[in-house]
2 protein chains.
Amino acid sequence: MGHSGAFCYPYARPAVTVDCVVFGLSEDRLQVLLVQRDEEPFLQHWGLPGGFVRIEEDLEESVRRELESKTRCKNIYFEQLYTFGALDRDPRGRTISIAYFALVNSASYPIDDVGGELSQSSGHKQVRWHGVDTLPQLAFDHGKLIACALERLRSKIMYRPIGFELLPSRFTLSRLQKLYEILLGRELDKRNFRKKILSMGVLDGLEAWEQNGAQRPAQLYRFNQSKYQQKLKQGDFFEV
Amino acid sequence: MGHSGAFCYPYARPAVTVDCVVFGLSEDRLQVLLVQRDEEPFLQHWGLPGGFVRIEEDLEESVRRELESKTRCKNIYFEQLYTFGALDRDPRGRTISIAYFALVNSASYPIDDVGGELSQSSGHKQVRWHGVDTLPQLAFDHGKLIACALERLRSKIMYRPIGFELLPSRFTLSRLQKLYEILLGRELDKRNFRKKILSMGVLDGLEAWEQNGAQRPAQLYRFNQSKYQQKLKQGDFFEV
DNA sequence: GCATATAGTGTATTTAGTACACTATAGGTT
DNA sequence: AACCTATAGTGTACTAAATACACTATATGC
């Protein structure tokens, strides 16, 4: 490689980035947060929020910084997904990307069904939600990363209660069931779902009801993090 | 950072390595392949086989190169585990390691119970098997990587038939059961295990028997890769 | 007060998991 | 040759979990 810049090494080093597949939930579909690129390569194309890992920050700090700048929101749930290192994944040169996926409680954000504007973050890049079934052409190998994240998410909700992260802190069981149906792409039996979910023992029923038009109000529930942590320590697992 | 070397960048870049947790099976325990370091830091300490990712090879090529040089064996099963990027994990400077785990059919290698010598690979480094319960002090954060790989392996054999990779191509059901018992750390019922394993439909019973001393000979079986691939495509999954 | 839309509930059936004990067959021993 | 020993190999009854399935309850709007 060249001789530009002040940081020199005896061997060529790949660039290292983190990219994050941020999932959100609209009324009836799963969405991914995408950023419109304002420079080459892939100018104008949509891509995942992400960026270079700074030398003085660890991977999680990198992801947190990126998430906060794009969503203006803290304490987002995220976990590492996979590391992508194909030789040709970035035309600018060898780049290794450590991919993460994140789940945001989309009620905290302005979202519309087509993919509303979310924020005018640094550099005036557009940031929007896109339905996972109606993605535009994507920059780099970001389509692959999203497919990988979807697969992980779909299989993980079957044995860990992470789906709650996509909902507001108080939610109805019908809403939770709808979320599972959207993720799994099939309908679930109402009685069996409720039986299963409640038997996990990580939901607290609240003395509060959600009024939602001309019908019977639905009871609100809350995910109890500490009950969950306790079950995890006891080696109890979860299945849906 | 400094100005030494011919590869210069406008921003500092972390070094990128791959490290590989290679599992093997001795008579009655699970082993990990370790390499004794012949330079600082952690001189003389044991560590995982691994090294810097070359700029012109992708991650899998890197791992394959490392595996072949340390085991002198091709076509080893491996998969990506996790990427470790803590700031202080390498005293020489910021280093990100993409960890893999590999399963080798240990019958192909000279192995003894204490951890026999395996090969005198490049640089005369010692390479040895170490029982996972009797590991020496390890270099870097390699203890963490091994713990992570163990956890992954233990949970993965419950839903994917990867355990066969640790056995010779022809094996008895008793040996397979022993393998599961070693990995899971508990005894399994012989009849239930056989029922379960055979009902997966990925084993072919051979017209061959293993004579093993003064007792009834045991039938040999072979893992049928193509049956497995077919089941995977049909969405069938596996559990033990 | 009636229509409508969603919330909420229990039981019977099917399937999968678990617990459990004896016979078969080889080599070695007397 | 008879028997001892060590491992291979087999079936069934019981228990727990998953599934299939239909009606009543309660709010609003007309």
Verify whether one side chain among B:Tyr100 and B:Glu60 offers a donor that lies under 3.5 Å from an acceptor in the other. yes
Are A:Phe171 and A:Phe223 close enough that their ring centres sit under 6.0 Å apart? no
Please determine whether any donor N or O and acceptor N or O are separated by less than 3.5 Å between the side chain of A:Arg194 and the base of C:dA7. no
Could you tell me how far apart B:Ile197 (CD1) and C:dG17 (P) are, to the nearest whole angstrom? 12 Å
Expressed as a whole number of angstroms, how long is the span from A:Leu188:CG to D:dA18:C1'? 13 Å
By nearest-heavy-atom nucleotide on DNA chain D, the more 5' of A:Asn192 and B:Leu220 is B:Leu220
Side-chain donor or acceptor of B:Lys70 paired with backbone N/O of B:Val127 under 3.5 Å: no
Start at the 5' end of DNA chain C and walk down; is the nucleotide closest to A:Gln215 or to A:Arg191 reached first? A:Gln215
Selection from C:dC20, D:dA8, D:dC21 that lies nearest to any side-chain heavy atom of A:Asp189: D:dC21
Using heavy atoms to find the nearest nucleotide of DNA chain C for A:Gln219 and B:Ala214 separately, return the residue whose nucleotide is more 5′. A:Gln219
Reckon B:Lys195 touches a base, only the sugar-phosphate, or nothing at all at heavy-atom distances under 4.0 Å? base
Which one, D:dT26, C:dA26, D:dG9, comes nearest to the side chain of B:Ala218? D:dG9
So, is B:Ser174 close to the D:dA8 phosphate, meaning a side-chain N or O under 4.0 Å from OP1 or OP2? yes
Take the protein atom CH2 of A:Trp209 and the nucleotide atom C1' of C:dG8, then report the distance between them rounded to whole Å. 12 Å
Tell me whether the rings of A:Tyr82 and A:Phe84 are parallel (<30°), tilted (30 to 60°) or perpendicular (>60°). perpendicular
Starting from P on D:dG9, measure out to CD on B:Gln177 and report it in whole angstrom. 11 Å
Reckon A:Lys196 touches a base, only the sugar-phosphate, or nothing at all at heavy-atom distances under 4.0 Å? sugar-phosphate
Starting at CD of A:Glu187 and ending at P of D:dA20, how long is that distance when rounded to a whole Å? 13 Å
Exercise: do B:Gln31 and B:Arg29 side chains pair donor with acceptor under 3.5 Å: no
Consider the side chain of B:Arg216, meaning its heavy atoms from C-beta on, and name the nucleotide among D:dT10, C:dA7, D:dA8 that approaches it most closely. D:dA8
